[in-house]
Protein chains: 2
Amino acid sequence: MGDMAADANGSLPNPETADGLLIRLLRQLTVESARFAEMFGEAHGLHRTDLNALAVVMDATRRGRRMSPGSLAAALHLSPSATTSALDRLEASGHLRRTRDPADRRKIELDMTEKARRVGSGFFAPLAVEFGDRWREFTPEERATIVRFLTASIEATVTVRGDLAKE
Amino acid sequence: MGDMAADANGSLPNPETADGLLIRLLRQLTVESARFAEMFGEAHGLHRTDLNALAVVMDATRRGRRMSPGSLAAALHLSPSATTSALDRLEASGHLRRTRDPADRRKIELDMTEKARRVGSGFFAPLAVEFGDRWREFTPEERATIVRFLTASIEATVTVRGDLAKE
DNA sequence: GCGAAAGATTCGATCATCGAAATTATTTCG
DNA sequence: CGAAATAATTTCGATGATCGAATCTTTCGC
């Protein structure tokens, strides 16, 4: 699932518009990504939430920020108590460790273990290899176009989400 | 999955490779899509699974296929009993109807209601508008490149998933 | 220092999901 | 034709992720 609104748009089957084709492909891509994540998680005994949590902590670590349960809860849109449960699971499975912040002892810092790092590269390395393989055909100019397209599409999604939030 | 492994890859922050940039953007796009679906579902009182189920049924309907609880369960990677629950919810909320197949009365056919159709276009219409707006800048040649890119990326994901399934 | 606030956890309840058994309808075949 | 096997879905009991409210510990303002 892990997926998301998997498969359905307004585009009629008959004459597909130019935009319709792109929308359909984007949809397919997100569905396939979700399926991959789901299957990967299953293989490692990690549900969606645990995978997401790991990913958030990994990303924060990579850019030099430390995560606390609170910030993790915010990032995951999860209640503090559910986050505690998730952290219990991830600590029990040896992917994360909790250590108290010596400066402010109310806070907890989350550290990835080597096992988590292996999980992360097990997730991304095969994808990166396969992507690299298939993307070799694209020239720098074409890549620039693709970057513009992806950026525009991300912005569009964020914009529409913002509109939705206003209501 | 909705979301999916939200945020973390192997690419180091420092000198980002050309592929690394694309991977990061793809990841962002899936994350944002998932967030949008999540927020939309929340606004309509539909969880992930219900949204996914609706989407699958809508898509099948659109291409002239009828769904049964069984085929829906398969499409969602959900147990039959969980699917029954989801259908109970969707029927109670007036999005779907169950009717027995007159030919083989063991089977149940799932029909979308007008309300479900409205939900669907409420989901996709704003996105389509915003995408259309932002994509106006792309020439047909550029779109062809983008289509190739998206197709290649989908195939890559499917391939890696297939490899994972073999183990 | 003392009360208020911040950060995290515990507790009890709810609900989605699962696996196994049950129900209803159909097909096979003796 | 009738009985057993098969198919499709649902029911039931149990598990577990999540939530909201209350609790505990630490820090900050006065």
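By convention in this document, chain letters (A, B, ...) are assigned in the order of the sequence lines, proteins followed by strands, and residues within each chain are numbered from 1.
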Exercise. Output the single nucleotide from D:dT18, C:dA8, C:dA16 whose closest atom is nearest the side chain of B:Thr49.
Key: C:dA16
Quiz item: Please give, in whole Å, the distance from D:dT9 P to B:Ile108 CD1?
Solution: 7 Å
Quiz item: Do B:Arg100 side-chain atoms and B:Arg105 backbone N/O form a donor-acceptor pair below 3.5 Å?
Solution: yes
Practice problem: Find the distance A:Leu72:CG to C:dG7:C1' and express it as a whole number of Å. | Solution: 14 Å
Quiz item: Within the structure, does a side-chain N or O atom of A:Arg106 lie under 4.0 Å from either OP1 or OP2 of D:dT26?
Solution: no
Exercise. List the steps, then state whether salt bridge (Lys or Arg N to Asp or Glu O under 4.0 Å) holds for B:Glu142 with A:Arg148.
Key: CA-CA 10 Å; B:Glu142 291 176 327; A:Arg148 269 195 304 127; 2.7 Å; yes
Quiz prompt | Mutual orientation of the aromatic rings belonging to B:Trp135 and B:Phe131 [parallel < 30°, tilted 30-60°, perpendicular > 60°] | solution = parallel
Quiz prompt | Residues A:Asp59, A:Arg63: salt bridge by 4.0 Å N-O rule | solution = yes
Practice problem: Could you tell me if the ring centre of A:Phe149 sits under 6.0 Å from that of B:Phe149? | Solution: no
Self-check item: Touch class at under 4.0 angstrom, heavy-atom based, for A:Ala103 against every strand present
Solution: sugar-phosphate
Self-check item: Donor on one side chain, acceptor on other, B:Thr159 and A:Arg134, under 3.5 Å
Solution: yes
Practice problem: Please work out which residues in residues 83-102 of chain B have a non-hydrogen atom less than 4.0 Å from an atom of DNA chain C and list them by number. | Solution: B:Ser85, B:Arg89
Quiz item: Whole Å only: how far is the CG atom of A:Leu78 from the C1' atom of D:dG16?
Solution: 14 Å
Self-check item: Separation of atom CE in B:Met67 from atom C1' in D:dA8, rounded to whole Å
Solution: 14 Å
Practice problem: Determine whether any donor atom in the side chain of B:Ser81 lies under 3.5 Å from an acceptor atom in the base of C:dG19, or the reverse, and answer yes or no. | Solution: yes
Quiz item: Starting at CD of A:Glu42 and ending at P of C:dT17, how long is that distance when rounded to a whole Å?
Solution: 14 Å
Self-check item: Whole-Å distance separating the CG atom of A:Asn52 from the P atom of D:dT18
Solution: 10 Å
Quiz item: Out of C:dA25, D:dT18, C:dA16, which nucleotide sits closest to the side chain of B:His47?
Solution: C:dA16
Quiz item: When the distance from CG of B:Asp104 to P of C:dA25 is rounded to whole Å, what number comes out?
Solution: 11 Å
Self-check item: A:Val129-B:Ile154 co-clustered via ILVMFWY side chain contacts under 4.5 Å
Solution: no
Exercise. Tell me what B:Pro69 touches on the nucleic acid: a base, only sugar-phosphate, or nothing, going by heavy atoms under 4.0 Å.
Key: sugar-phosphate
Quiz prompt | Candidate nucleotides C:dT9, D:dT26, D:dT18, ranked by approach to the side chain of A:Ala82 - the nearest | solution = D:dT18
Quiz item: Whole Å only: how far is the CD atom of A:Glu109 from the P atom of C:dA8?
Solution: 10 Å
